[in-house]
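These figures come from a predicted structure and were not determined experimentally. Here is the naming used below: chain letters follow the sequence lines, and residue numbers restart at 1 for every chain.
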Number of protein chains: 2
Amino acid sequence: MKVLSKATIYGLRALVYLASEKDRTGYLSIGEISEKLNISFHFLTKTFQTLTQHGILESYRGPNGGVALTKPADQLFLTDIVHVLEGADFFDKCLLGLPGCGVEAPCPVHDFWKVAKAAMKNEFDNTSLAELGEKVTDDRFRLVA
Amino acid sequence: MKVLSKATIYGLRALVYLASEKDRTGYLSIGEISEKLNISFHFLTKTFQTLTQHGILESYRGPNGGVALTKPADQLFLTDIVHVLEGADFFDKCLLGLPGCGVEAPCPVHDFWKVAKAAMKNEFDNTSLAELGEKVTDDRFRLVA
DNA sequence: TAGTTTTGGGACTTAATTGTCTTAAATATG
DNA sequence: CATATTTAAGACAATTAAGTCCCAAAACTA
Ligand code: FES
Ligand code: FES
């Protein structure tokens, strides 16, 4: 069950890492993050550019530059990130790929899919980067294979 | 939120169509199904071959040939189809793409993802093609755009 | 048997995703 | 000002997913 693209997965892992290092002041370089998380530097850079353009991250160039969250991690939720990286219609898709789920006539799996989607959206809406970052800081949860 | 591949989506739509036409005896041709559902004939044929090879469908060649469910539609569940078309590990994937979800150390979203996955698996386990086919027969649910 | 219909299987093409690389722009330091 | 560091931007390559096509094999019809 592949729900998220690689770009989103890497972006999310990197953002959680950023949140988990909240004690460190200033910017964290993409080089460090990609190395620690074992993600391709260039690929992560592209994803981070998207996040910067959409106001999730701010970036700074040059020595001691890098990226930082634009807001406190407890004000950034999974839904925010997923909407940027997967599109605003992320939670509006028909399980059978038909257009207009919830708008046009439902497909035969709509009844339960609607419920499943709503439950997932609710979790994404209420899960902050801060919450996830703490779990990593506490070291009982992994961010890398 | 793209959960299923096109092959699975088409296969599923076609199987539900098959279940919805349960009054018709004998085989239904792939040509008819692909036409009614607006699916590429050749692409659907490939997916049907996979389903035939895995005992979900039986096929018959020649005039009046086609495909038919191997079992009554109330004995075929979404999980069966998805396991054939998406792989046996469909419900065992980490949301963040890490290997060994539920086996190795959990990632920070594991707690809620585990629950969401289990809920979905439960629905897939208990939803039969018969149930979905009926909804289509009753004509309040669509299988095509 | 010849011809038609239908699935089977594989080669092939196209499109999307994923990953790599190169160069430019901004910033800091000496 | 020259050089090093770091993100920005986009070209390019590799891989995977999606879709098309051709011909063989099986079965029926006449
Ligand atoms: S219409 Fe298919 S899930 Fe809503
Ligand atoms: S380990 Fe990531 S969801 Fe289970």
Residue pairs passing the salt bridge (charged side-chain N to carboxylate O under 4.0 Å, His left out) test where at least one lies in residues 27-41 of chain B, sequence neighbours excluded =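 Qualifying pairs: Arg24(B)-Glu32(B), Glu32(B)-Lys36(B).
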
Salt bridge (charged side-chain N to carboxylate O under 4.0 Å, His left out): which pairs involve residues 71-81 of chain B, sequence neighbours left out?
->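 Output for this query is empty, none listed.
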
Using salt bridge (Lys or Arg N to Asp or Glu O under 4.0 Å) as the criterion, list what pairs up with Lys121(A), not counting sequence neighbours.
->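 Counting only residues at least two positions away or on another chain, Lys121(A) forms a salt bridge (Lys or Arg N to Asp or Glu O under 4.0 Å) with Asp125(A).
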
Contacts of type salt bridge (Lys or Arg N to Asp or Glu O under 4.0 Å), residue Asp111(A), not counting sequence neighbours |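 Residues passing salt bridge (Lys or Arg N to Asp or Glu O under 4.0 Å) with Asp111(A): Lys135(B).
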
Just how far, in rounded Å, is [atom2] of [N] from [atom1] of [X]?
X	N	atom1	atom2	value
Glu35(A)	dT6(D)	CD	P	11 Å
Leu44(A)	dC21(C)	CG	C1'	16 Å
Lys6(A)	dA16(C)	NZ	C1'	15 Å
Leu51(A)	dA8(D)	CG	C1'	14 Å
Tyr27(B)	dA27(D)	OH	C1'	11 Å
Leu4(A)	dT17(C)	CG	P	14 Å
Phe43(B)	dG9(C)	CZ	C1'	15 Å

Do any N or O atoms of the protein come closer than 3.5 Å to N or O atoms of nucleotides 3-8 of chain C, and which pairs are they?
residue, atom, partner, partner atom, Å
dT6(C), O4', Gly62(B), O, 3.4
dT7(C), OP1, Ile30(B), N, 2.7
dT7(C), O3', Ser59(B), OG, 3.2
dT7(C), O2, Arg61(B), NH1, 3.2
dG8(C), OP1, Ser59(B), OG, 2.5
dG8(C), O4', Arg61(B), NH1, 3.3

Base dG19(D) paired with Lys46(B) side chain (donor-acceptor, <3.5 Å) |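 Pair found.
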
Kindly determine whether Phe124(B) and Phe77(B) satisfy ring-ring contact (aromatic ring centres under 6.0 Å, His included), including the steps that lead there.
-> CA-CA 7 Å; Phe124(B) 275 59; Phe77(B) 296 88; over 10 Å; no

Co-members of the apolar cluster containing Tyr60(A) [side chain, <4.5 Å] =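 Taking Ile, Leu, Val, Met, Phe, Trp and Tyr as members, Tyr60(A) shares its hydrophobic cluster with Tyr27(A).
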
Are OP1 or OP2 of dA18(D) and a side-chain N or O of Lys2(B) less than 4.0 angstrom apart?
->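 Answer yes for this pair, as a side-chain N or O of Lys2(B) is under 4.0 Å from OP1 or OP2.
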
